[in-house]
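Lettering of chains follows the sequences in order, A, B, ..., and the numbering in each one begins at 1.
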Amino acid sequence: MDLLAGLNPQQTQAVTAEPGPTLVLAGPGSGKTRVLTQRIAYLINHLGVAPYRILAVTFTNKAANEMKQRLQNLLGADLRGLTIGTFHSIGARWLRREAQYLAVTRDFVIFDTSDQEALVKQVIQELNLDDKKFRPSALLAKISHAKNELIGPDEYPAPTYAAEIHKRVYQRYQELLVANNALDFDDLLIYVVRLFREHPDLLAKYQRAFDHVLVDEFQDTNTVQYALLRELTAVRRNLYAVGDPDQSVYRWRGADYRNVHKLKEDFRDLTTILLEQNYRSTQLILDAAMAVIDKHPGRTRKQLFTQRRGGAAIYVLEAYNEDEEARYVVDAITQLNAEGRYQLGDFAVMYRTNAQSRAVEEAFVRARLPYKLVGAQRFYGRKEIKDLLAYLRLVHNPADSVSLLRVINTPARGIGAKTLELLQETARGAGLTAADVVRDLGEAGPKSVYAPRFGAKAAAALANFGLMLQHWTSARAELSVVQLMDTILERIGYRDFLTDGTEEGDERWANVLELRGVAQEFGEAGLSDFLQEVALVSDQDTVSEEGKAPILLTLHAAKGLEFPVVFIVGLDEGVLPHQRSFEDPEAMHEERRLMYVGMTRAKDQLYLLRAFRRSLYGDASVSEASRFLFDIPDRLLAGQKPHKQIRASEAYQRQTTWDTPARGRSVNLSGGAATPKPSARPSGGEARYRTGQRVKHASFGEGIVIESRGRGDDEEVTVAFEAVGIKRLLASAANLQLLQG
DNA sequence: AAGGCCCTTCTTTTT
DNA sequence: GAAGGGCCTT
């Protein structure tokens, strides 16, 4: 079979590049995954490299699985030891293999963010810190940052008092991780690097093992990941990196797209190949996306092009609020679907923050349209799921005190805060884990040396839990993950505990069953593998390929995906770009890249939506159109072109030339003949106020009507007052006096 | 010990 | 506008 058939010249160049350090800068939709897999196939088939001498690293399990799948199709045969996986899963695998060198055993568990927080809270208590002044999340950020710079707890610089506190927290946190036989996400990477630095023989072994190392999404690597790659490839120098700095959106997680530049410095003979031909979007969408990203300072310009000339204009829609914004989306989907041009699975709705999904979901539910929400965090973050996983983790690794504390009284067993404090104290005093103590109480009953420390009732409750735990840990070897899960569920009466007759209760139990399904799919693999798998799933892993319903997801989760029709909602200053990026130019650049990523997901049609009024933390405020909207040339846009909001005082002076597009005018959504506006203005009596009218309010003074809309039988009027700014009023209550009209 | 109520705080994005 | 923490009652 001809591996190179159907590749364009740049792709061919990338696939057949001479061994040696190579950087492929791949624009969106340029066939990056294809190049990466063909490259591996090329190494095996044409250069005769043994598959087990190849290491391919990705960021998500989904990307890894996709590559495996494609290679299987390409090469037919089994992949005979080819290593493909995420940075974290490969790290975990190697660390289990080399656990003899570590302070933890090979059964270590992986602590996720909430476990980390629980641990830090414990530290805050132990060190008697003011929990108002030291927030777990802030402390964890410090720790993670230090870890990513390969700074250990004892090397942590402490020039100030605050830094001294951080250092102590870091030290104790790390001790507790070891005591729990646990690693956090960062540890999965830094332990490998440290191991390599401390044991040159180990490093040499891994350097020898892999002739070729390939990395996907190279722009998302952080300092540790880059160090790992560099050390691994220091001898053979066959590092093949694929990435796109324009799509770097994980800075907040330590990713540094400047690693792309570092690569050029560290490997002076680096071959760089640019992939600019796009096989996804229309030229119009590419032009719009390039217009946005070209405003990004200090980047290498790429000229993306496609054979797909022209294309439908990008629709800009300005809604009154997020509910109407969501309704626009639903209406457009309904319409395009009814016209038969697109299946429901062809649509995607993207947003900056997860909180924005609520309004969209509600609109879908109201329209009785199905939808799929992406977010593993959401599933694995649920209480019932975390609880059940904590039981499994505890059985797997009884040293895991975070899990023990989580489940020891869930469902309630009469073990309260006092008892738990005493339990921890007892364990610490005896140099044991809490699990050891409860198991002894269970086995020896009242004769246990620990029994006298507790009240009779508490001791009995603890003993009971200890017996259960003992039973599970000894039964564990003979049971599959599903069987163990069933045993636990049955024993603790979890179903009855979760289902309380409400719909939510049923949903909770359904979630448990879903996790059970995951375990079932996992088959015969061990508990350890199962726990690792669920600890390392990403949001992007949960996007199923053949969708039957529109998909709702964050812009981050959308990276790497494509859809015929894309809606990006919340194009408001403060949302995208996010408020938190206003002060920091680097963060602002990342918002721009995020916008670029979102836009380039669209194959045929792109809708950009914003809401004039948006609620944040409960109450609403007026927002301005995102700066990114203004970067797109007008000629590429249709619908309501963005306009700068006019301040109340300015509006007052410019009333005669007011140019707000009337909300509610007919918008042609599908690009065909004019069609009725998707959502009719709520019917009601004739509106009393119109945009541009001058009105007077008893206490706010004079102003101009920005907008008026029906609300039940009443009318909601938004007025820009000269003295007090923009206010929203109910016509019936405000008693506005019409000054002209 | 447990459950209910009110208060605060907060949200970016996720391996 | 949700979720967690603190404080109250049973």
Return the value, rounded to whole Å, for the distance between atom [atom1] of [X] and atom [atom2] of [N].
| X | N | atom1 | atom2 | answer |
| --- | --- | --- | --- | --- |
| A/Leu553 | B/dT13 | CG | P | 13 Å |
| A/Leu594 | B/dT13 | CG | P | 11 Å |
| A/Leu189 | B/dT14 | CG | C1' | 14 Å |
| A/Glu217 | B/dT14 | CD | C1' | 14 Å |
| A/Gln532 | B/dT15 | CD | C1' | 12 Å |
| A/Leu555 | B/dT13 | CG | P | 11 Å |
| A/Asp186 | B/dT14 | CG | C1' | 12 Å |
| A/Gln116 | B/dT14 | CD | C1' | 12 Å |

May I ask you to say what [X] touches in the nucleic acid, namely base, sugar-phosphate or nothing, with a heavy-atom cut-off under 4.0 Å?
| X | result |
| --- | --- |
| A/Phe185 | base |
| A/Asp112 | nothing |
| A/Arg593 | nothing |
| A/Thr419 | sugar-phosphate |

Between A/Ala417 and A/His556, whichever has its closest DNA chain B nucleotide further toward 5' is A/Ala417

Between A/Asn409 and A/Arg135, the residue closer to the 5' end of DNA chain B by nearest nucleotide is A/Asn409

Would A/Glu325 and A/Arg613 pass as an ion pair if we require N to O under 4.0 Å? no

Can you tell whether the side chains of A/Arg96 and A/Asp107 come within less than 4.0 Å, N to carboxylate O? no

Does the side-chain ring of A/Trp252 sit on the six-membered ring of the B/dT13 base, less than 5.5 Å centre to centre and under 30° in tilt?
yes

Given [N], is OP1 or OP2 found less than 4.0 Å from the side-chain N or O atoms of [X]?
| X | N | value |
| --- | --- | --- |
| A/Ser538 | B/dT15 | yes |
| A/Asn354 | B/dT14 | yes |
| A/Thr554 | B/dT14 | yes |

Angle class for the A/Tyr607/A/Phe567 ring planes (parallel below 30°, perpendicular above 60°, tilted otherwise)? parallel

Angle class for the A/Trp94/A/Phe196 ring planes (parallel below 30°, perpendicular above 60°, tilted otherwise)?
tilted

Check: protein-nucleotides 1-10 of chain C nitrogen or oxygen pairs below 3.5 Å:
unit_1: C/dG1; atom_1: OP1; unit_2: A/Arg358; atom_2: NH1; d: 3.3
unit_1: C/dG1; atom_1: OP1; unit_2: A/Arg358; atom_2: NH2; d: 3.4
unit_1: C/dG1; atom_1: N7; unit_2: A/Tyr617; atom_2: O; d: 3.2
unit_1: C/dG1; atom_1: O6; unit_2: A/Tyr617; atom_2: O; d: 2.8
unit_1: C/dG5; atom_1: OP1; unit_2: A/Lys121; atom_2: NZ; d: 3.0

_Can you check the distance between C/dG4 and B/dT13, where both ends of the measurement are the P atom (answer in whole Å)?_
15 Å

- Query: Judged by atom type as modelled, is there a donor-acceptor pair below 3.5 Å linking the side chain of A/Ser403 to the main-chain atoms of A/Asp400?
  - Reply: no

Donor-acceptor check, side chain of A/Glu324 to backbone of A/Tyr320, threshold 3.5 angstrom: yes or no? yes

Checking B/dT11, B/dT13, B/dT15 against the side chain of A/Arg580 (C-beta onward), the nearest is B/dT11

The reported gap from CG in A/Asp184 to CD in A/Gln116 (rounded to nearest 0.5 angstrom) is 4.5 Å

Task: A/Ile568 side chain reached by A/Val349 side chain, heavy atoms, under 4.5 Å - done: no

